[in-house]
Structure formats: structure tokens, C-alpha cells
Amino acid sequence: MLTVNNQFPGPEIRVKQGDSVSVTVVNQGNYGVTIHWHGVRQPRNPWTDGPMNITQCPIPPNTSFIQNITFTTEEGTLWWHAHSDWSRATVHGAIIIEPAKGTLFGLPQNTPSHTIVLSSWYNGDVMEIGKIADTYTGQGSIDSDASTINGLIGHYKTCAPGHQESIYNISVTKDTTYLLHIVNAVMNQNMFLSIAHHNLTVVGMDGAAVKHINTNYIMISPGNTMDALLTANKDPSLYYVAATSFVNIGRSTGFDNSTATALLKYDGDYSEPAYPAFPHDTLPQYNDTQAATKFTTRLRGNVKQSVPQDFKVRYYITTTVTPNRCHNKSCEGADKIFTATFNNISFITHQISILQAYYENKRKDIFDPNFPTYPPFYFNFTMEDTVPAFLNAAPNGTRVIMVKHNDVVEIVLQGTSLGTEDHPIHLHGHSFFVIGRGHGNFDPDNDPMFYNLDDPPLLNTVTLPKRGWAAIRFQADNPVKDGDSDESKMLAPPHYMPPCSAE
Ligand SMILES: [Cu+2]
């Protein structure tokens, strides 16, 4: 399997706010890859942000690419991952950012920490599995075989009958408080996590502070990160840490229902129990939508940035995932592949950097700057029954949302019955305020009256329920090509960008 420095998960990057970090990515694998710094806003320097065929072409095998990561106001936990095909499954790791002055989230000096990375495990080559999963076979997506905590499956699942899997130990000392840096790097599933007999206090999410949440479980979506305090205040012993999927109502595909475990292991002399306590009472069931909603509705921001009270432009965007006709050679013989759409347009990636096309004014050849501000057809998006059949054949295109520098943009994301599951939706180069969420169809007359414009969480990834909506707001303040000052102007691309085969 493809890993970074032979580690799964990959190495942790620890930095201070305001640092600039240079990473030389040497590709010793046998296919092209890119690496993305998830949640790092990369002001002025989108060139090494990483998404394949958006900001760069893949780094070819046996070559290297120097990537600069520019940290500004991010604080706490973020993560990095491959951003090409399915290689992210095994190529990822945590990023921990401490403030330049003071302590992380104002915690006491020298608060010890542990990092917990949740990942998917596939019995097989993920790149091959990814190709099959993208092809429409009528059976739905391909699920992982297990989830892991820091690369290990633990005691509640085995990959072979009679085989005892290894378990990760989190060492703690009684009466000590730890900051846990938690990353959900699984491919496709929301996760519940709970620790037997111990509570957590969530203090940060997606690299920003949140108002403290005391809880005995968390729900974390793919792409999200959390910082949570854990006080080791129970009798010295072993306690299970358990993570399992949360599957929202209406998911129409299968899922990996395995439970990953680690052990919270106290220091000291005690006889280890044969059966450590398991969080049976506090780890929600996989289908406990109420527990998930209860947790997410408690999320409140605690950041200094002011929340934009109004917006300049609003996009209303529906999402679908449907079998669609094949439009390029990536289908490899299949006549249909799974495609995702926004406003019923399936995005075509070219073997070229769209960012470079923008920078060099080649946009007319490469992309259409008129992404529609609302869906082409209105129907009851979240109804349970059949939907108009013509919506199953989405047009393809490379349509781009063009926004004015510094405009406040509101995007209302609308889930539809033409999806398979909840969709984590992520924005590069910005964090956004999640100002509203709801079930059913968004009502533009009434729902905005209930927006949270006081203390919404500042996130970089929001999970859109299949049968619901989410509203986000952000200022498009990342520097642009024609900025009128140095601070508002993006840098020119490095001369050593990976080559694009379509050029
Ligand atoms: Cu990202």
C-alpha cells in the first residue's frame, strides 16, 4: 500500500501559527499523486494546495515537488491527505498548530496531548477498489473492511477468523488532563467515538475554537477534526475507546459496521482486567440520528472573526450521486459510472490545472465561469419516492463559480433523494460559518429567520444530510490574480509545477 515514510497513518506535522513550512514530496509510488493540507487557507499561495487537476497536475512517479504550507490563524488540529483518486485512504496524517503566543485554546501550559486518527482499512489495493467503486455495477459503493484507530483495528473486529488484531494504547496518568487531537480520515462515513466511563470536553473543531461541549460521545464527519479534553479521573485500569459508523436515515448503500477500538491505559500497578470496560452505554447505535443531531446542534463557534451579517450573493445548490453515462476513458469499459452533481452538473476534470488556466487567462478553453446560482429544475428534493427520470442523466461540464474578491458568499447546500448518503462538503482556501441546517427542503422565506449569526461554528467541512440542507457563509478574501496590493494579490506559480499531460 502507498504510505508516507512507511507509516499508516502518516507522520504528524507540528507547527506554530504563522509558520511557513516547506515539504518536499518524493513520489516513490507507481502512479501520480498530490498532497493537500486540509483546512490550511494558504493565502496568496494556492499553487501547492494539492487538489489534482484543480490547482496542479499529479506528481509523476520518481519525481518530487516542493510544497509550501502557509499557516495564518488556524489553531489546533487539521490534517493532510493525498488529493488524487483513492490514495487518500492510506496517505494522510495529522497537523497540529500551536499559537505563536500563549497556549493552545488557552489551556494550562504543558497540557499533554494524544493524537487519534480514524482511518478506513481495505483488504486489497485501494486504487483498484476505488476504480471498481466508481463504476456502476448496481451494487452500490464498496465499503471498507474495517475502521482503525491510529492504524490498528483493535479487539472488536478481525480480518481473519481466529486472528487477534493489534490494538493502540493511549497511555494516561491518573488525575491528568490530556488534549486529544482527533482526525476523521475515514473515506466515507460519519463516526461516533466514546471512551468507557470517561467524558470529553470538545474545545476546538477544524482548526478553530468552539464553545466547550461536555459530552460522553462525539460524532465526527469525514474530513472534520476535533480537539477535546480528557481527564483521567477513574480508577487506574484499562478502558476501551470505541469508534463506529453513524449512518443517517435514508442512506441507500451499505456501510462498514465494524467497531474500531483502542485502549486507554492508566500508569501504575494494578491487575489488568481480562475484559476492560466498553462504552456500551455511551457509544450511540449506528442509526441513532437523534444522538448525532443532538451533538451537532450543540456546536457553537468561539472565534474572534466577526460573522458576516449579510451576503452579497447566494447560491442554492442541490447535490446528487447517481449512475451516469460515461464521458471519458476513466470508465475503462463500463458504460455507467457513479457521478456526483451540483445543480445537476457533473464536473469534468481535465488533465490540466484549472488554477493555471485562470491565471493565464485561458478560461474560455478550459472552463465555463457561469455556474448556475440555483437548480435547473425544482421538485420536492427530499421526497422519498421516485424523482423525474430525466434528472438521472446529468449534463457534464467544467462550470466554475466566479466570485468577486472580498464578497460575502452564502451557499445553501440542498441534499436530495438522488443521493446515496450524507455528503461531507469542503471548501479550500477558506473556512466558513455554518449558519443553518435543517431537514427537508430549504425555505428561502422562513429558514433564514432562524440562522445563527451570533456564534456559528467556523468549519472547513460540513456534512450535508441526504434529506436536508446546510447554509454556509464566508468572505471570499483569499488573494486573487489582479489584487490591487501585494497582500491581496496571489503569487505567481513556482516554475517547477508538476507537468500536465494535456498541455
Ligand atoms: Cu481541504
Side-chain angles (χ1 to χ4, degrees), residues 4 9-10 12-13 15 20-21 23 25 33-59 65 67-97 117-120 181-188 190 204-208 220-227 317 319 340 342 347 349 353-355 400-401 403 409 411 413 422-434 457-464 470 472 474-479 490:
V4 170
E12 183 169 294
I13 295 177
V15 295
S20 276
V21 174
V23 177
V25 180
V33 291
T34 68
I35 305 286
H36 168 55
W37 323 100
H38 184 106
V40 184
R41 290 188 270 282
Q42 296 281 68
R44 304 191 67 204
N45 181 31
W47 300 106
T48 59
D49 186 52
M52 181 171 78
N53 299 338
I54 305 295
T55 62
Q56 69 170 88
C57 290
I59 306 164
F65 181 42
Q67 296 191 234
N68 291 306
I69 327 171
T70 311
F71 293 93
T72 50
T73 56
E74 301 88 353
E75 175 178 12
T77 307
L78 292 173
W79 65 302
W80 56 267
H81 60 82
H83 209 300
S84 42
D85 307 309
W86 273 42
S87 46
R88 174 180 102 237
T90 58
V91 176
H92 58 251
I95 301 175
I96 315 296
I97 308 139
V117 179
L118 307 176
S119 312
S120 301
H181 303 298
I182 305 166
V183 177
N184 184 353
V186 306
M187 288 300 279
N188 206 18
N190 301 309
M205 187 166 172
D206 283 11
I220 183 166
S221 293
N224 284 129
T225 51
M226 263 179 217
D227 291 276
I317 299 179
T319 63
F342 274 157
F347 189 78
T349 53
S353 154
I354 289 179
L355 184 68
V400 171
I401 294 177
V403 295
V409 181
I411 300 179
L413 298 154
D422 293 3
H423 306 286
I425 295 187
H426 168 54
L427 183 65
H428 285 234
H430 307 78
S431 287
F432 47 73
F433 292 101
V434 180
L458 183 68
L459 306 182
N460 62 48
T461 305
V462 64
T463 286
L464 173 62
I472 63 172
F474 63 96
Q475 187 176 22
D477 56 2
N478 212 312
M490 61 192 270

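We count ligands from 1, going down the list as the structure has it; atoms in each ligand are counted the same way. Below, all heavy atoms of this structure are taken into account, side chains as well, without hydrogens, waters or symmetry copies.
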Does either side chain, that of D227 or that of T77, offer a donor lying less than 3.5 Å from an acceptor on the other one? yes

Side-chain donor-acceptor pair under 3.5 Å between T73 and R41, yes or no? yes

Output, by chain and residue number, all protein N/O/S atoms separated from the Cu ion (ligand 1) by less than 2.8 Å. H36 NE2, H426 NE2

Between L118 and V183, is a side chain to side chain contact (heavy atoms under 4.5 Å, CB included) present by the stated rule, with each step listed? CA-CA 6 Å; L118 307 176; V183 177; over 6 Å; no

If we only count heavy atoms from C-beta on, is the Q67 to I59 side-chain gap below 4.5 Å? yes

Heavy-atom distance under 4.5 Å between the side chains of Q42 and W37, does that happen here? yes

Using 30° and 60° as the class limits, which term best fits the ring planes of W79 and H38: parallel, tilted or perpendicular? tilted

